[in-house]
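Please read the structure below before turning to the comments.
This one's a predicted model, so the numbers in the text were calculated from it and none came from an experiment. Naming: A, B, ... by sequence-line order, numbering from 1 per chain.
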There are 2 protein chains.
Amino acid sequence: MITPKTLKGTRDFSQADMAKRNYVRDTIRGVFESFGYDPIETPAIEYAETILGKYGEEGDKLTYSFEDNGGRKIALRYDQTVPFARYFAANYGALTIPFKRYEINRVWRADKPQKGRYREFYQCDVDIIGTESIVAEVELAKIVYTSFKKLNIQKFCIKINDRSLLNDVLEKAEISNEDRVKCIRVIDKLDKIGYAKIVDELKDLGLMDSQIKILDILFKTEGTNREKIQQFNGFATKNIIEFLDYIEGTDLENYISFEPTLARGMDYYTGIIFETVIPETGLGSVAGGGRYANLCAAFTKQQFSGVGIGIGFDRIIDALEILDLFQNTKTNAEVLVTLFDEKLKTETLKIADSLREAGINTEQYFQTDKLSKQLKYADRRGVGFVVIYGFDEKENESVMLKNMQSGKTKTIPLNKITEIVKEVKK
Amino acid sequence: MITPKTLKGTRDFSQADMAKRNYVRDTIRGVFESFGYDPIETPAIEYAETILGKYGEEGDKLTYSFEDNGGRKIALRYDQTVPFARYFAANYGALTIPFKRYEINRVWRADKPQKGRYREFYQCDVDIIGTESIVAEVELAKIVYTSFKKLNIQKFCIKINDRSLLNDVLEKAEISNEDRVKCIRVIDKLDKIGYAKIVDELKDLGLMDSQIKILDILFKTEGTNREKIQQFNGFATKNIIEFLDYIEGTDLENYISFEPTLARGMDYYTGIIFETVIPETGLGSVAGGGRYANLCAAFTKQQFSGVGIGIGFDRIIDALEILDLFQNTKTNAEVLVTLFDEKLKTETLKIADSLREAGINTEQYFQTDKLSKQLKYADRRGVGFVVIYGFDEKENESVMLKNMQSGKTKTIPLNKITEIVKEVKK
């Protein structure tokens, strides 16, 4: 006998879980499509060489890879972006450029499982490739904004920064290329350790006071987004200003926060970057992304600028749970049709068929149990209405409709059976 | 530089592929839900012991399994039924019984790739567990029937048989338990090799004429389903007769064919079995399943009878392709909004927003290219309408709507922009 258990970091999703997950997925998919994005899908398994070496040493360690029976080195995908780059590099000659796509699917990481971190989880990605226009960045911010609004999340903040602005500041502070990564890692910690400690750590890296003074602008800008970017006069402010111009006067503007120290770890972003938080939830970033100057570098010599954003599906589920924003985790079944006697069976099944034809999700009870047992089943399943068809009803050419919430019953003639729609759908 | 290629037997799905696949998936999902089924989802990766040993020696060979960094033996799931049995065995105390579920998801087999056979493919499964009622079998046949009808497949045949009837015939022919599997394997080949060769092969197995004479009933019944089952008088006909009673007088009856030699390979079915073909397509079985007396045997001592059916998603895609039943492989985008000048940008983006709010999937052009280039992009993308907003339109407080198919244009005032809905959705 084998113990029926799942691997740590993977999960079974019950009917109630799936009601939530499908609601979120369908909502996000709807937003992506409202912006004219189409889905593509790439395989879960790829040649290991496609996946490995793209996410740094740590990423390689967290990639599930193995040899198949034919000696091929195979990996489970670590994210959807590298397979997308692989797809684009193989097909760009046949695609409309700029090329936009979305994908909502599973990825795997051999990570240490902990609260909110899984070995198998979903990503919802939108990417645009083949344009350098800031309109693309604006659109992605708008997609995140619209998704969150549609999910009824009221308070959230889309933080933006520009890696080229950050680099420009570091360059003007005459920080060498080797030290830049270390510096960015320190700068990114402002929220966590505060300004004083940042200065200490920068000094530990060997920075002189004059250099730190130039970096100070990153920590000390204040005011609105417009006011902040004006304080960077003389630096590479073009991208951020253009972004702010595009959203001027829109509601989206209220959700955008220009954060000069935002760095998004050591990812290979080269332009505008995003990170979205829902402060009330205490969760980390729930959506992030940015611009890569050369997305397909590993697969083709041709250079393509890309910009993308990923919504952390499982984090969003957690957030909606915390904010108590899931309304409906009920079964899809709207009506249960009872079954009483072998002699009623053909007619009973026909009643169920006609309800389905009328657009009602209709479950058929399978056995000729007594009414109380059938009603108990309907109750446990959470079905809202039960259609009862016994010998009395057969004689009266009718069914009895029971509202499981109010307990009220109503007789409905068989030739007016579709009137049940009015009761069920209201 | 890494060659951007997929593993043999896995596929990238383009926008056009996905339009087809989502149409089929959404249709089947809709049918499953109309019968009151809810989805569950189990992981793609499981402990190897959960998967191995469930599908015979061949199945084990075709299972992708490997060791993770922690030394755990892991397997990619081979189908959705065994993980479902594992889920049910772990959770049945908390579930409503009979328990019904559907799952539409990927599975993997390290099989030799060939036309119509993939290493990564989708299954669409519905299963019912915890009832022995034939109503369950009738419902599954009806689900296949309804799915095919909704997909506009006109000609198909749901073959049914009963393994307990087949076993009864073999038992009455006094065929030993060891020989039974070999016999069934021969009997199952009627369609391929014909009656005369069947007899030869049965003789080769050592069967006597008197035994073959009893088996003859499997090959020689003729007429309607009712007439055929009557010829089995004295054998275990209860299940088939009950099934036929339930569908009497329904349209489904016209699609059911009782085939006494149908065996469904060596699967562990114990009762009614199904196999569905679309003869015109020349494809093999596109949907199959049946009843298992003890679905969770590997995971719990508790015995649960289950019945399930799987629709071969990729086979259905192939069938619809052959039958030319895909109508719409277009982009989700309904309108493209042009972009002309930095000075128009904020207003242009607002126009796109208001179209989206009106329920139109609206794509925004990203760069200030000349009109002909933007129209060419819309054409290549397959977007039906283009909204043009230039300086002339700004002055007239209007936009120009171009129907890409007819080439006709129409001026629409900005304050009546939602009138575009009428044009686009008609």
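- Looking only at distances, no side-chain donor or acceptor of A:Arg72 sits under 3.5 Å from a matching main-chain atom of B:Leu7.
- For the pair B:Gln367 (side chain) and A:Ser133 (backbone), a donor-acceptor distance under 3.5 Å is absent.
- Distance NZ/B:Lys345 to CD1/A:Ile247: 11.5 Å, rounded to 0.5 Å.
- For B:Val138, the part sitting under 4.5 Å from any heavy atom of chain A is the side chain, from C-beta outward, and nothing else.
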B:Arg25 and A:Glu41: CA distance, side-chain angles, deciding distance, salt bridge (charged side-chain N to carboxylate O under 4.0 Å, His left out) verdict: CA-CA 14 Å; B:Arg25 196 200 316 229; A:Glu41 208 174 275; 3.7 Å; yes
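- Rounding to the nearest 0.5 Å places CD of A:Glu137 at 9.5 Å from CZ of B:Phe366.
- Between the CD1 atom in A:Ile143 and the CZ atom in B:Arg356 there is a gap of 7.5 Å [rounded to 0.5 Å].
- Of all the heavy atoms in B:Thr10 and A:Pro43, the pair that sits closest is OG1-CG, 3.5 Å.
- Here OG1 of B:Thr300 is found 6.5 Å from CE of A:Met1. Values are rounded to the nearest 0.5 Å.
- Of the listed residues A:Ala298, A:Gly359, A:Ala89, the one with more heavy-atom pairs under 4.5 angstrom with chain B than any other is A:Ala298.
- Two residues are said to be in side-chain contact when any heavy atoms from C-beta on lie closer than 4.5 Å; B:Pro39 and A:Phe13 fail this criterion.
- Residue A:Asp17 does not touch chain B at all, counting heavy-atom pairs closer than 4.5 Å.
- Your options are A:Asp12, A:Ile134, A:Val135, A:Leu76, and the one with the most heavy-atom pairs under 4.5 Å with chain B is A:Asp12.
- Contact of B:Lys54 with chain A is made through the side chain alone, with heavy-atom distances under 4.5 Å.
- Looking at B:Asn105, the atoms closer than 4.5 Å to chain A (heavy atoms on both sides) all sit in the side chain, from C-beta outward.
- The ring pair (Phe, Tyr, Trp, His ring centres under 6.0 Å) test applied to B:Tyr102 returns B:Phe32, not counting sequence neighbours.
- Residue B:Glu132 touches chain A through its backbone alone, counting heavy-atom pairs closer than 4.5 Å.
- Proximity to chain B involves both the backbone and the side chain of A:Lys5, based on heavy atoms less than 4.5 angstrom apart.
- For the side chain to side chain contact (heavy atoms under 4.5 Å, CB included) test, residues two or more places apart in sequence or in another chain that qualify with A:Thr146 are A:Val31, A:Phe35, A:Lys142, A:Lys150.
- Atoms CD and NZ, on A:Glu248 and B:Lys350 in that order, are 8.5 Å from each other to the nearest 0.5 Å.
- Contacts between A:Arg380 and chain B at a heavy-atom distance below 4.5 Å involve backbone atoms as well as side-chain atoms.
- In this structure, CD in B:Glu46 is found 7.5 Å from OG1 in A:Thr6, a value given to the nearest 0.5 Å.
- Put simply, of A:Glu342, A:Lys61, A:Lys100, A:Glu67, the one with the most heavy-atom pairs under 4.5 Å next to chain B is A:Lys100.
- Counting heavy-atom pairs under 4.5 Å between each of A:Thr250, A:Ile360, A:Asn22, A:Asp68 and chain B puts A:Asn22 at the top.
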B:Arg29 and A:Asp26: CA distance, side-chain angles, deciding distance, salt bridge (charged side-chain N to carboxylate O under 4.0 Å, His left out) verdict: CA-CA 13 Å; B:Arg29 174 180 163 184; A:Asp26 292 346; 3.0 Å; yes
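- Neither the backbone nor the side chain of A:Val335 comes within less than 4.5 Å of any heavy atom of chain B.
- Only the side chain of A:Glu120 comes within less than 4.5 Å of a heavy atom in chain B; its backbone stays farther off.
- Here the side chain of B:Arg119 pairs no donor or acceptor atom with the backbone of A:Ile45 at under 3.5 angstrom.
- Looking only at side-chain heavy atoms (C-beta outward), B:Phe88 and A:Pro4 stay at 4.5 Å or farther from each other.
- Only the side chain of B:Glu139 comes within contact range of chain A, judged by heavy atoms closer than 4.5 Å.
- Side-chain contact between B:Ile74 and A:Phe66 is absent, with no heavy-atom pair separated by less than 4.5 Å.
- Between the A:Asp38 side chain and the B:Asn332 main chain, a donor and an acceptor come within less than 3.5 Å of each other.
- Across A:Ala16, A:Gly249, A:Ser14, A:Gly30, the residue that shares the most heavy-atom pairs under 4.5 angstrom with chain B is A:Ser14.
- Contact of A:Tyr64 with chain B is made through the side chain alone, with heavy-atom distances under 4.5 Å.
- For B:Ala94, the part lying near chain A is the backbone, with the side chain staying farther off; criterion is any non-hydrogen pair under 4.5 Å.
- Residue contact with chain A, scored on non-hydrogen atoms closer than 4.5 Å, is absent for B:Leu355.
- Heavy atoms closer than 4.5 Å to chain A are found nowhere in B:Ala85, neither backbone nor side chain.
- The candidate from A:Glu242, A:Lys376, A:Glu363 with the greatest count of non-hydrogen atom pairs under 4.5 Å with chain B is A:Glu363.
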